[in-house]
Amino acid sequence: MEKSLSGGRFLLVTVLNVIITVFELLGGLLSGSLSLLSDAFHNLGDALSIVLSYAAHRIGGRQQTRTNTFGYRRAEILAALLNSGVLIVISLFLAGEAVRRLLHPEPVKGDIMLVVAVVSFLANLLSTVLLNRGSKHNLNIRATYLHLLSDALASVGVIIGALLITIWQISWVDPTITILVALYICYESLPIVKQTFGILMEASPDLDYEGIARDICALPEVEGVHHLHAWQIDENNIVVSMHVNMDNVPISEIEPIYRQIEALLCQKYNVNHVTIQAECHRGEDESLFYQQNDWRHS
């Protein structure tokens, strides 16, 4: 996370969300607006998610230890998954409540709703600006950023609804906007849930594995590649391990080949860390990817 995303910025965004939450709760109760009340609970969740996001970032920045040799970067992935999952649950709950409101309309005071929505929109817009830079390269910050962006969009919807209610007394606009915003939030959050879940389940990153094998086998002295594994520590760090068949040469001649493989994977495939096991004939007939019973035939 860039230096610009300091603890001071996170603190400011958190305070803004707490203030918005209290303001919208009061405004929602006074106006009878479901969209304001839903946005208030949404903002409360945002404040908690920002605290969680910052805590996860601090933990993720710790150095590797004997007990965590890959470091603590997965803390941010866990936070991103939790934040996005909570956001989806809240959105589904609000959509259900909105459907109930459509079936059983309740009066809404559009003027109060409008004032609160405008103030909320401005505060949410400021929060998204504060976190915008870090959202491009960090799933943890992106999940939090989406929380705030969805709130800003929700506030726009509430403003439009408040105008329609104030001018034309169209009460069904309030729950309709709530449903639309909930659907949008789910649409934006599901890819983050999918990506973070994939990382935590050690799913293979999207690489050209056949291309990797061809490129490595094209190097001098390399005759084959098998038992290749690839996984992600977080969304920016890819780790690869493999067994490479080579001619029966001294270790001093193998090390330059290792460096060529490492440079190839880093420069062409954006791999951050490579572990290579050199073999002569062992495993030369085995598949590129590890099969559970391959070792029995080695």
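The first residue of the sequence shown is numbered 1, and numbering continues consecutively from there.
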Donor-acceptor contact below 3.5 Å, side chain Asn272 vs main chain Ile238
yes

Check whether any side-chain heavy atom of Val225 sits under 4.5 Å from a side-chain heavy atom of Cys217, and report yes or no.
yes

Compare every heavy atom of Ala182 with every heavy atom of Ser91, then report the nearest pair and how far apart it is.
O-CB, 3.3 Å

Hey, what do you get for SG (Cys280) to CD (Glu223), rounding to the nearest 0.5 Å?
7.0 Å

Heavy-atom closest pair, residues Trp172 and Thr176:
O-OG1, 2.7 Å

Test side chain to side chain contact (heavy atoms under 4.5 Å, CB included) applied to Leu92 and Ile88, step by step:
CA-CA 6 Å; Leu92 293 176; Ile88 290 174; 4.1 Å; yes

Where Leu228 and Tyr209 come nearest, the two heavy atoms and their spacing:
CD2-CD2, 3.6 Å

For Arg100, which residues count as a salt bridge (Lys or Arg N to Asp or Glu O under 4.0 Å) partner, sequence neighbours excluded?
Glu97, Glu106

Are Leu183 and Val99 connected in a single hydrophobic cluster, I mean Ile/Leu/Val/Met/Phe/Trp/Tyr linked by side-chain heavy atoms less than 4.5 Å apart?
yes

Shortest non-hydrogen pair, Ile159 vs Ala117, comes out as CG1-CB, 3.6 Å

For the pair Asn245 (side chain) and Arg282 (backbone), establish whether a donor and an acceptor sit closer than 3.5 Å, ignoring hydrogens and angles.
yes

Basic-acidic side-chain contact under 4.0 Å: Glu202, Arg74
yes

Minimal heavy-atom distance between Ala230 and Leu207, with the atoms involved, is CB-CD1, 4.4 Å

Chi angles and distances behind the side chain to side chain contact (heavy atoms under 4.5 Å, CB included) call for Leu163, Ile160:
CA-CA 5 Å; Leu163 289 171; Ile160 295 173; 5.6 Å; no

Please say yes or no: joined through hydrophobic side-chain contacts below 4.5 Å, possibly via intermediate residues, are Ile254 and Leu219 part of one cluster?
yes

Hey, quick one: are Met201 and Leu190 part of the same hydrophobic cluster, counting side-chain heavy atoms closer than 4.5 Å, chains of contacts allowed?
no

Checking Gln169 side chain against Ile165 main chain: does a donor-acceptor pair fall under 3.5 Å?
yes

Name the residue from Asn270, Ile276, Ile212 that meets the side-chain contact (heavy atoms from CB on, under 4.5 Å) definition with Leu265.
Ile212

Within a strict 4.5 Å, meaning less than it, do heavy atoms of the Met242 and Val244 side chains meet?
yes

Going by atom types only, do Asn237 and His273 share a side-chain donor-acceptor pair under 3.5 Å?
no

Between Leu122 and Leu126, does the side chain to side chain contact (heavy atoms under 4.5 Å, CB included) criterion hold? Intermediate values first, please.
CA-CA 6 Å; Leu122 294 175; Leu126 176 59; over 6 Å; no

Min side-chain heavy-atom separation Leu102-Ile179 under 4.5 Å
yes

Return the CG to CG distance between Leu114 and Leu164, rounded to the nearest 0.5 Å.
10.5 Å

When you compare the side chain of Tyr269 with that of Val240, does any pair of heavy atoms fall below 4.5 Å?
no

Do we see a donor-acceptor contact under 3.5 Å between the side chains of Glu262 and Gln260?
no

Just verifying a value: how many Å separate His226 NE2 and Gln277 CD, rounded to the nearest 0.5 Å?
7.0 Å

Interatomic distance, CG@Asp206 vs CD@Gln232, rounded to 0.5 Å, equals 9.5 Å

One should read off an interatomic distance between Leu30 CG and Met113 CE, to the nearest 0.5 angstrom, of 13.5 Å

Would you say Tyr258's side chain and Ala278's backbone share a donor-acceptor pair under 3.5 angstrom?
yes

Flag side-chain contact, heavy atom, 4.5 Å: Pro191 against Lys194:
no

How far apart are the C-alpha atoms of Asp208 and Arg214, what are their side-chain angles, what is the distance that settles it, and do they pass the side chain to side chain contact (heavy atoms under 4.5 Å, CB included) test?
CA-CA 10 Å; Asp208 180 6; Arg214 284 195 304 270; 4.2 Å; yes

Do Phe121 and Ile20 share a hydrophobic cluster, counting only Ile, Leu, Val, Met, Phe, Trp and Tyr and linking them when any side-chain heavy atoms are less than 4.5 Å apart?
no

Mind checking side chain to side chain contact (heavy atoms under 4.5 Å, CB included) for Asp111 and listing every partner two or more places apart, or none if nothing turns up?
Lys109

same_hphob_cluster(Leu82, Phe93) at 4.5 Å side-chain heavy-atom cutoff
yes

Distance (rounded to the nearest 0.5 Å) between Ser31 OG and Glu24 CD:
10.0 Å

Any sub-3.5 Å donor-acceptor pair from Thr196's side-chain atoms to Val193's backbone N or O?
yes

